[in-house]
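Have a look at the structure below, then the notes.
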Number of protein chains: 2
Amino acid sequence: MRTAQPDKRTRLIETATKLAYGRGFRETSLADIAEAARVPVGNVYYYFKTKEELAEAVVERRLDEFRAARAEWDRLGSPKERLLAFVGSVHANREQLARGGCPVGGLCSELHKEGGALAKKSATLFTEPIGWLQKQFRAAGHDKDSRELAMHLFSSFQGMAAVAHGANDPKVVVMEVRRLKNWINTL
Amino acid sequence: MRTAQPDKRTRLIETATKLAYGRGFRETSLADIAEAARVPVGNVYYYFKTKEELAEAVVERRLDEFRAARAEWDRLGSPKERLLAFVGSVHANREQLARGGCPVGGLCSELHKEGGALAKKSATLFTEPIGWLQKQFRAAGHDKDSRELAMHLFSSFQGMAAVAHGANDPKVVVMEVRRLKNWINTL
DNA sequence: GTCTATACCGAGATAGAC
DNA sequence: GTCTATCTCGGTATAGAC
């Protein structure tokens, strides 16, 4: 059934993603999610057997968001431009990062502690972007140290998000982004 | 000390700190803490009016841990040595960082989302170390950009901890620490 | 397929005996 | 001061009408 609104399953995932970003997934109750998505509570279980299954869908959704951005970046002419676009998007989202931290970082850290299948799945929130970054560095001619470079870039990103959030100050993102852009340009 | 048996209060805080590090504070029940600390559940409320008050004590304890380390570093002869000692301790704890993330980073991020007084208090987990780092950079002759340098160092630390934890790989710490040591030495 | 009502459990917190 | 027993509430999850 297709209405003007996205279907209920999609609405639940989107709402859960949004609410979990602000409060953490565990702290967000199914009742809250269902209400905000305008779906009766009991009905959630028609779409997801357990809350954990909903968590997996949230991870999947974050991955999709990254993939959509990646698809845009991949259209750019050179690996260096693609790396700069990645860094630029971090800068563009600095206010959000300061308010709620990194959307994938927080989720990854939280679900990692749950253990089990969820821990493994959530790790792809990091490994997939890092893999893409590594590919760009390799394409830019850095064969031997592509992994180190990718890790450094992603680690810097996670760090600035954590500090911007914890100290409630988006300025650290501005400073670090400037540093990273210089660094990329001189590679 | 407000009790006839200070050991229990301390035991509760230490146990809560340890358990919260592994699973997150919110996910750790008072029952679990009390049992592990060998204190009857109901008795917890003699030492802490609410769970939130216990959280504050945990933050205080993490701050004390940092202050103890800082006291050692402050004995070193030069600011540069002190900065290198800070970075060295990160390297020494890399296995732990990969297993459970940064003890202050995770706590800060989690409590920040709770809002209220706890959010403010937890921010000092970041601001106090950053302040100390800034002081070292200033003492090393970097008057104008001491804040930027301190933020960069702390942000790098948070980033490597997040990635080491999320991707389950302590190697990123080794790589980043090497980079930071070179950076400090050429300042 | 969709929704209401509810079971069930574990959490934080309290009362009060000793 | 210390501990046991218990209350209450909110959470996940289920049963079953429609």
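By convention in this document, chain letters (A, B, ...) are assigned in the order of the sequence lines, proteins followed by strands, and residues within each chain are numbered from 1. Everything quoted here is computed from the prediction, not taken from an experiment. Keep in mind that the numbers below use all heavy atoms, side chains included, and drop hydrogens, waters and symmetry copies.
If you take CD of Glu53(A) and P of dT12(D), they are 15 Å apart, rounded to a whole angstrom. The distance between atom CD of Glu35(A) and atom C1' of dG10(D), rounded to the nearest whole Å, is 14 Å. What separates CZ of Arg9(A) from P of dG1(C) is a distance of 13 Å, to the nearest Å. Residue Ile33(B) contributes atom CD1, which lies 14 Å from atom C1' of dA13(C) at whole-angstrom precision. Rounding to whole angstrom units, CG of residue Asp7(A) and C1' of dG1(C) are separated by 13 Å. Rounding to whole angstrom units, CG of residue Leu12(A) and P of dT12(D) are separated by 13 Å. Atom pair Tyr46(A):OH and dG16(D):C1' shows a separation of 16 Å (rounding to whole Å applied). Taking atom CG of residue Leu30(B) and atom C1' of nucleotide dA11(C), one finds them 8 Å apart after rounding to whole Å.
Contact annotation: Lys8(A) does not reach the phosphate of dG1(C) (side-chain N/O to OP1 or OP2, under 4.0 Å). Between Tyr45(A) and dT2(C) there is no side-chain polar atom (N or O) within less than 4.0 angstrom of OP1 or OP2. For the pair Asn43(B) and dT2(D), the criterion of a side-chain N or O lying under 4.0 Å from OP1 or OP2 is not met.
Nearest-nucleotide positions on DNA chain D for Gly42(B) and Gly42(A) put Gly42(B) closer to the 5' end.
Here the side chain of Thr50(B) is nearest to one of dG12(C), dA13(C), dA13(D), namely dA13(C). Candidate nucleotides dG12(C), dG11(D), dT2(C) were compared by shortest atom distance to the side chain of Ser29(A), and dG11(D) ranks first.
Other residues, nucleotides and ligands place more than 12 heavy atoms under 6.0 Å from the NZ atom of Lys80(A). More than 12 heavy atoms of other residues, nucleotides or ligands lie within 6.0 Å of CZ in Arg179(A), so this atom counts as buried by the packing criterion.
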### Task
Under the salt bridge (Lys or Arg N to Asp or Glu O under 4.0 Å) rule, what do Glu27(A) and Arg23(A) come out as? Steps first, then yes or no, please.
CA-CA 6 Å; Glu27(A) 276 55 63; Arg23(A) 324 177 196 168; over 6 Å; no
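Of all the heavy atoms in His165(B) and Arg99(B), the pair that sits closest is CD2-O, 3.4 Å.
Phe48(A) comes within 4.0 angstrom of nothing in the nucleic acid, heavy atoms only.
A tilted orientation is assigned to the rings of Trp73(B) and Trp132(B), their planes being inclined by 30° to 60°.
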